[in-house]
Number of protein chains: 2
Amino acid sequence: MALDEEKIKGILKEKGLKVTRQRLVVLNALASKPDSHLTAEEIYDLVKTDSPEIGLATVYRTIQLFMELHLIDRINLDDGFVRYEIGDMGTKKNSHHHHHLICLSCGRVMSVEDDLLDELEAEIARTTGFKVTDHEVKLYGYCKECGGNLIEKNKTSE
Amino acid sequence: MALDEEKIKGILKEKGLKVTRQRLVVLNALASKPDSHLTAEEIYDLVKTDSPEIGLATVYRTIQLFMELHLIDRINLDDGFVRYEIGDMGTKKNSHHHHHLICLSCGRVMSVEDDLLDELEAEIARTTGFKVTDHEVKLYGYCKECGGNLIEKNKTSE
DNA sequence: CTTTGTGCAAAGCGTTTGCAGGTGA
DNA sequence: TCACCTGCAAACGCTTTGCACAAAG
């Protein structure tokens with residue numbers, strides 16, 4: 001997935017922020033792996049191939065900045081690592097994030113675009129008066145491949 | 001919410017684990033605040049009133065143990081703190097957790113028991129072949145009180 | 001008596017921060 | 001020029017660990 005650098009430059013300039021090589025490189029690293037949910041350290045390693053002098057602190061600062069600009073999202077899979085993924089770049093301006101499927105067997109993380117949750121949110125607004133503006137959904141289970149294996153091993157019914 | 005100490009003792013003994021005062025005190029602390037999502041430090045403070053000699057390390061070790069025994073659940077509200085709440089004690093053996101409503105204005109956290117997600121999970125199984133066994137849902141927004149205030153301030157339509 | 005658990009303090013580890021020098025506008 | 005940004009290293013805060021002693025079974 002190519003990054004629209006001009007757009008990013010525009011966003012930065014608009015806020016009086018400077019366009020630096022480090023910022024572009026970090027964002028490009030995230031953009032190059034749209035479905036890998038990278039840790040700060042992984043981003044750092046990726047980025048070092050392009051910019052060996054970059055510091056880990058800069059990566060952290062850049063991540064924070066882009067989080068505030070809503071250009072990237074944070075994901076916490078509760079495996080002890082905080083991860084990041086590139087956002088929709090404002091292309092869709094849909095503040096609702098996608099859901100994450102986390103395979104308990106192989107650890108793979110997949111994303112699903114689905115807004116069946118709207119119904120749940122409406123239900124909650126009705127019963128509790130709570131107005132939902134955003135959600136984070138993590139679904140744990142077994143992916144197609146791992147699930148298949150489990151069925152082989154665990155053929156009890158059906 | 002009173003804790004069924006006999007049941008806990010049984011669970012521990014069954015695993016060859018010892019029943020210590022510290023373990024009971026930690027679990028009682030969680031049980032005494034079923035809807036407060038406590039950090040390790042908060043549990044430590046609570047527990048110190050009953051057992052001033054207890055160490056923070058013991059609290060952490062005990063929390064871990066009870067997590068493994070599925071007696072307590074971890075919640076991460078992405079506010080920089082990891083929190084814990086007492087589980088359903090195996091009374092319902094329903095591995096599906098409740099959802100959390102997190103108010104972006106006052107920070108309050110509420111729980112909702114709802115399984116509208118079953119539908120979403122079925123949909124996902126159908127389309128992706130991913131078998132969901134558990135989920136974690138965080139809904140961000142504004143609670144009744146804060147939402148009301150927002151409406152006052154932001155009366156644009158209706 | 002043996003094994004497991006505890007308290008303390010030190011170590012670990014991911015993340016943040018202070019500061020001097022560098023760089024973009 | 002001048003404010004902003006970066007790299008480095010030190011500081012931080014939460015959590016884990018090593019070890020000797022204590023307690024449970």
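Model, not experiment: these values are computed from the prediction.
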Visitor: Treat each ILVMFWY residue as a node, draw an edge where side-chain heavy atoms are under 4.5 Å apart, and state whether B/F81 and A/F81 are in one component.
Guide: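 In one cluster: no.
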Visitor: Check the phosphate of D/dA24 against B/T20, side-chain N and O only, distance under 4.0 Å to OP1 or OP2. Yes or no?
Guide: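 No, no such contact exists.
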Visitor: Counting N and O atoms only, with roles assigned by atom type, does the side chain of B/R83 sit under 3.5 Å from a partner on the main chain of B/D73, one being a donor and the other an acceptor?
Guide: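 Not at all, since once roles are kept as given, no pair shorter than 3.5 Å links the two residues.
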Visitor: For DNA chain C, whose closest nucleotide is more 5', that of B/E53 or that of A/K13?
Guide: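 This one resolves to B/E53.
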Visitor: Which atom pair, heavy atoms only, marks the closest approach of A/H99 to A/L117?
Guide: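 That would be CE1-CD2, 4.2 Å.
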Visitor: Below 4.0 Å from chain A heavy atoms, what is the first contacting nucleotide of DNA chain C and what is the last?
Guide: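 Reading along DNA chain C, I get C/dG14 to C/dA25.
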Visitor: Could a donor-acceptor pair under 3.5 angstrom be found where the side chain of A/K18 meets the base of D/dA3?
Guide: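 Answer is yes: a donor-acceptor pair is held.
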Visitor: Under a 3.5 Å threshold, yes or no: a donor from one side chain and an acceptor from the other, between A/E136 and A/H98?
Guide: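 No, A/H98 and A/E136 have no side-chain donor paired with an acceptor closer than 3.5 Å.
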Visitor: What contact category does A/E41 fall into here, base, sugar-phosphate, or nothing, at under 4.0 angstrom with non-hydrogen atoms?
Guide: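 Answer is nothing: A/E41 stays at 4.0 Å or more from every strand.
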Visitor: Let me know the distance between CG of A/L24 and C1' of D/dC5, rounded to the nearest Å.
Guide: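 Taking atom C1' of D/dC5 as the reference, CG of A/L24 is at 13 Å.
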Visitor: Using five base pairs at each end, measure the axis-to-axis angle across the helix from C/dC1-D/dG25 to C/dA25-D/dT1 and round it to 10 degrees.
Guide: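 The end-segment axes of the helix from C/dC1-D/dG25 to C/dA25-D/dT1 are tilted 40° relative to each other.
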Visitor: Would you say the side-chain atoms of B/E5 and B/N28 include a donor-acceptor pair closer than 3.5 Å?
Guide: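 Checked: B/E5/B/N28 side chains pair up, N/O donor to acceptor below 3.5 Å.
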Visitor: Which pairs, protein N/O on one side and nucleotides 17-22 of chain D N/O on the other, fall under 3.5 Å?
Guide:
from, atom 1, to, atom 2, distance (Å)
D/dG18, O6, B/R61, NH1, 3.3

Visitor: Taking CG from A/L27 and C1' from D/dC5, how many angstroms apart are they, rounded to a whole number?
Guide: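 After rounding, the reported distance stands at 17 Å.
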Visitor: Without swapping roles, check the side chain of B/K138 against the backbone of B/N76 for a donor-acceptor pair under 3.5 Å.
Guide: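 Side chain of B/K138 to backbone of B/N76, a donor-acceptor pair under 3.5 Å: yes, one is there.
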Visitor: Which heavy atom of B/L56 sits nearest to which heavy atom of B/A40, and what is that distance?
Guide: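 B/L56 and B/A40 have their closest heavy atoms at CD1-O, 4.4 Å.
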Visitor: Rounded to the nearest angstrom, tell me the gap between atom CG in A/D50 and atom P in D/dT6.
Guide: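 Computing the A/D50:CG to D/dT6:P distance gives 15 Å.
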Visitor: What is the distance, to the nearest angstrom, from the NZ atom on A/K15 to the C1' atom on D/dC4?
Guide: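 Those two atoms, NZ and C1', are 17 Å apart.
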Visitor: Specify the closest pair of heavy atoms between B/C103 and B/Y142, including all atoms of both residues, with the distance to one decimal.
Guide: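 Distance-wise, the nearest heavy atoms are SG-CA, 3.9 Å.
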Visitor: Calculate the interatomic distance between B/L65 atom CG and D/dT15 atom P; express it in whole Å.
Guide: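 In whole Å, D/dT15 P and B/L65 CG are 17 Å from each other.
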Visitor: If you assign each of A/G16 and B/Y84 to its closest nucleotide in DNA chain D, which residue comes earlier from the 5' end?
Guide: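 Result of the comparison: A/G16.
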Visitor: Closer than 3.5 angstrom, by distance alone: can the side chain of A/S51 be matched with the main-chain N or O of A/E53 as a donor-acceptor pair?
Guide: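 Absent.
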Visitor: Take the protein atom CE of B/M67 and the nucleotide atom C1' of D/dT16, then report the distance between them rounded to whole Å.
Guide: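 Nearest whole value for this atom pair: 15 Å.
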Visitor: For B/L56 and D/dC14, what is the distance between atoms CG and C1' respectively, to the nearest whole Å?
Guide: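 Value for this atom pair: 9 Å.
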Visitor: Take atom CZ of B/R21 and atom C1' of D/dA23, then tell me their distance rounded to the nearest Å.
Guide: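 Taking atom C1' of D/dA23 as the reference, CZ of B/R21 is at 10 Å.
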Visitor: Pick the nucleotide of DNA chain D nearest each of B/V19 and B/Y60; which residue has the one closer to the 5' end?
Guide: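 Per heavy-atom nearest nucleotide, the more 5' residue is B/Y60.
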Visitor: Which of these passes side chain to side chain contact (heavy atoms under 4.5 Å, CB included) with A/V25: A/D50, A/I43, A/T62?
Guide: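 Option passing the side chain to side chain contact (heavy atoms under 4.5 Å, CB included) with A/V25: A/D50.
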Visitor: Determine whether a donor-acceptor pair (N or O, by modelled atom type, separation under 3.5 Å) exists between the side chain of A/E14 and the backbone of A/I11.
Guide: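 Between the backbone of A/I11 and the side chain of A/E14 there is no qualifying donor-acceptor contact (under 3.5 Å).
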Visitor: Side chain of B/T128, backbone of B/I124: donor and acceptor closer than 3.5 Å?
Guide: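 Yes: the side chain of B/T128 pairs with the backbone of B/I124.
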